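Worksheet: the structure to be examined is printed underneath.
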Number of protein chains: 2
Amino acid sequence: MATLSQRHVVIERSQLPDLCVGCDSRAASVCNAIEDRDMARLAAITTSSEAPVGRVFIQEGESADNFFNITLGTARLFKLLPDGRRQITGFVGPGHFLGLAVSDTYAFSAEAMEPVRFCRFSRPRLRVLLDDFPALEKRLLEVAATELVAAQEQMLLLGRKTAVERLASFLLAQSVMGVPCGHPRAHLTLKMTRGDIADYLGLTIETISRTLTRLRNERLIDIPSTTDVIIRNHAALVNLAGGLNRSPTA
Amino acid sequence: MATLSQRHVVIERSQLPDLCVGCDSRAASVCNAIEDRDMARLAAITTSSEAPVGRVFIQEGESADNFFNITLGTARLFKLLPDGRRQITGFVGPGHFLGLAVSDTYAFSAEAMEPVRFCRFSRPRLRVLLDDFPALEKRLLEVAATELVAAQEQMLLLGRKTAVERLASFLLAQSVMGVPCGHPRAHLTLKMTRGDIADYLGLTIETISRTLTRLRNERLIDIPSTTDVIIRNHAALVNLAGGLNRSPTA
DNA sequence: TGGCCGCCTTGACACAGATCAAAAGGATCG
DNA sequence: CGATCCTTTTGATCTGTGTCAAGGCGGCCA
């Protein structure tokens with residue numbers, strides 16, 4: 001298992017005067033709540049760091065001193081049971097804000113799946129910033145509310161859906177990832193392993209593999225390579241998934 | 001199945017000048033973020049209503065026009081699959097704030113388990129209030145963050161824990177409900193049925209019943225009546241539950 | 001007081017998904 | 001180009017929990 005990062009690569013502010021103004025992932029992140037002219041204040045409390053693949057840069061149970069904002073790469077968020085069983089609670093990419101916990105320790109761990117770059121804010125400093133920029137706070141509330149809704153959807157999946165239903169839901173969710181509105185993508189390139197998918201959906205690697213094969217045999221998807229999935233029958237998947245976000249007619 | 005409320009009992013503001021100032025559940029709710037002197041403004045946009053047992057006063061998928069704040073009674077929050085499978089996402093009591101969804105429809109339903117009284121705010125009106133009272137917004141963010149952490153814990157439970165582990169976790173959670181700090185209660189009076197517990201833990205009624213019996217046979221709990229549970233071996237339950245919020249030593 | 005009805009418990013059996021095992025890809029590296 | 005290692009696939013079997021079924025208990029109402 002990957003160990004907690006000992007030392008982050010710190011990019012000096014002086015080297016990057018436009019750290020926040022020119023940030024690639026700003027549009028997608030909570031930072032878009034701050035105007036250009038106030039960006040200096042944001043940049044002033046930010047430290048940009050990175051974590052190589054496999055590094056656990058947030059560790060469940062450790063003192064929650066910082067907030068994070070992913071700017072590059074992907075990470076898995078997860079919780080562990082004492083015997084090592086793992087539940088992945090999400091996959092996060094650029095723009096994602098981490099560390100909203102009120103408690104003084106992190107409630108989950110975060111591990112880089114690709115090389116990850118992120119901004120770090122200390123708790124007290126962010127607090128000051130929030131006082132000065134109500135828009136930022138509003139944005140955080142939005143983010144939290146959105147994640148809460150997603151979490152509830154995931155509880156439905158984990159508590160009540162069958163293996164096929166879980167996989168169908170997962171593939172559909174992947175197909176709209178990062179597509180704010182408009183058509184879902186038919187071609188997916190998965191950044192996670194079967195093991196990750198299993199730990200995200202509350203199943204085993206073998207069940208993931210078998211169920212994907214089954215969906216392929218039934219012509220709902222194609223699997224040109226291990227990491228690529230093509231959705232061939234979107235409607236059938238939606239049906240299997242339990243009609244994403246339908247209004248119950250019962 | 002209970003039908004959506006047709007008509008709420010509306011209490012006129014003029015009849016209750018101290019609607020918010022004297023509110024019993026104010027201390028426990030987000031409203032405590034507002035000073036006494038500003039309570040009039042809060043009361044001005046609030047409508048107090050009630051729902052009898054079994055009434056679904058929030059319906060998943062319907063237009064999310066209001067926010068709610070429970071002041072009395074208990075409700076179950078849940079999501080349904082088209083074929084009727086139900087996942088209960090939480091049990092909420094006085095002080096609980098509902099409707100944080102960003103989307104324009106509710107993401108879950110809420111049904112009264114006991115007669116429920118609640119305050120209702122319209123979305124736009126609350127928005128105005130939030131602009132005027134940053135402290136309220138801060139409080140909401142706290143609430144959302146807390147619920148998010150709880151949701152992640154529940155995902156771990158639903159995705160990775162066995163039946164005994166789920167029940168142990170549930171009983172322990174019940175034992176600290178409403179006990180902010182200090183000793184957990186040993187004597188629990190459950191407000192929910194076995195069916196509710198099953199739908200909350202992602203199991204069936206039969207498994208709940210069998211597992212409770214098993215815990216009783218092993219002297220970890222007593223079950224003096226259907227609704228009462230006495231925790232006899234707290235440490236053993238914690239152990240079974242997977243060490244609530246331990247820091248992983250792996 | 002007795003009958004009804006809903007909830008809970010218990011038992012027998014079934015099955016979805018887990019576990020165990022082995023082989024097949026596919027990447028990396030000397 | 002082969003060796004090694006890791007991930008994925010597939011097969012065989014097992015098992016925890018679901019399903020089906022039958023009582024039991026308690027509350028409520030007439």
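Quick caveat, the model's predicted, so the values are computed rather than measured. Letters A, B, ... are given to chains in the order of the sequence lines, protein chains preceding strands, and every chain is numbered from 1.
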Under a 3.5 Å distance rule, please check whether [X] uses its side chain to pair with a backbone N or O of [Y] as donor and acceptor.
X	Y	result
B/Thr207	B/Leu203	no
A/Arg185	A/Val179	no
B/Arg76	B/Asp196	no
B/Arg160	A/Leu80	no
B/Asp228	B/Ser225	no

Item checked: Rounded (10°) bend between the five-pair end axes of the helix from C/dT1-D/dA30 to C/dG30-D/dC1 ->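 That helix gives 40° between its end axes.
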
Next item on the list: Rounded off to whole Å, could you give me the CG-to-P distance for the B/Leu201 and D/dG18 pair?
Entry: 11 Å

Next item on the list: Measure the distance from CZ on B/Arg160 to P on D/dG16 and round it to the nearest whole Å.
Entry: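 The answer, rounded to whole Å, is 16 Å.
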
Check: If you measure only the distance, is there a donor-acceptor pair under 3.5 Å linking the side chains of A/Thr74 and A/Glu114?
Finding: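 Short answer, yes.
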
Next item on the list: Check whether the side chains of A/Lys161 and A/Ser169 place a donor and an acceptor atom closer than 3.5 Å, and report yes or no.
Entry: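 Result is yes, a qualifying pair exists.
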
Notebook entry, point to check: Is the ring centre of A/Phe108 less than 6.0 Å from the ring centre of A/Phe78?
Noted result: no

Next item on the list: Would you please indicate if the ring centroids of A/Phe97 and A/Phe68 are separated by under 6.0 Å?
Entry: no

Note to self: Base contacts versus sugar-phosphate-only contacts with protein, heavy atoms under 4.0 Å: please encode nucleotides 8-13 of chain D as B, S and - from 5' to 3'.
What the structure shows: SBBBB-

Note to self: Once side-chain hydrogen bond (donor to acceptor under 3.5 Å, both in side chains) is applied, do any residues pair with B/Thr162, and if so which ones, sequence neighbours excluded?
What the structure shows: B/Glu165

Checklist line | Audit row: A/Ile221, A/Arg232, side chain to side chain contact (heavy atoms under 4.5 Å, CB included) steps and yes/no | finding: CA-CA 5 Å; A/Ile221 62 172; A/Arg232 299 182 62 180; 5.5 Å; no

Next item on the list: Check every nucleotide of DNA chain C for an atom under 4.0 Å from a heavy-atom of chain A, then give the first and the last such nucleotide from 5' to 3'.
Entry: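 Extent of the interface on DNA chain C: C/dG17 to C/dC20.
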
Notebook entry, point to check: Quick one: ring pair (Phe, Tyr, Trp, His ring centres under 6.0 Å) partners of A/Tyr106, sequence neighbours excluded?
Noted result: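 For A/Tyr106, no residue satisfies ring pair (Phe, Tyr, Trp, His ring centres under 6.0 Å) once neighbours in sequence are set aside.
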
Could you list, one pair per line, each protein nitrogen or oxygen that sits under 3.5 Å from a nitrogen or oxygen of nucleotides 23-25 of chain D, together with the distance?
none

Next item on the list: Identify the two heavy atoms, one from B/Val229 and one from B/Leu190, that lie closest to each other, and give their separation to 0.1 Å.
Entry: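 Smallest interatomic distance, heavy atoms only, reads CG2-CD1, 4.0 Å.
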
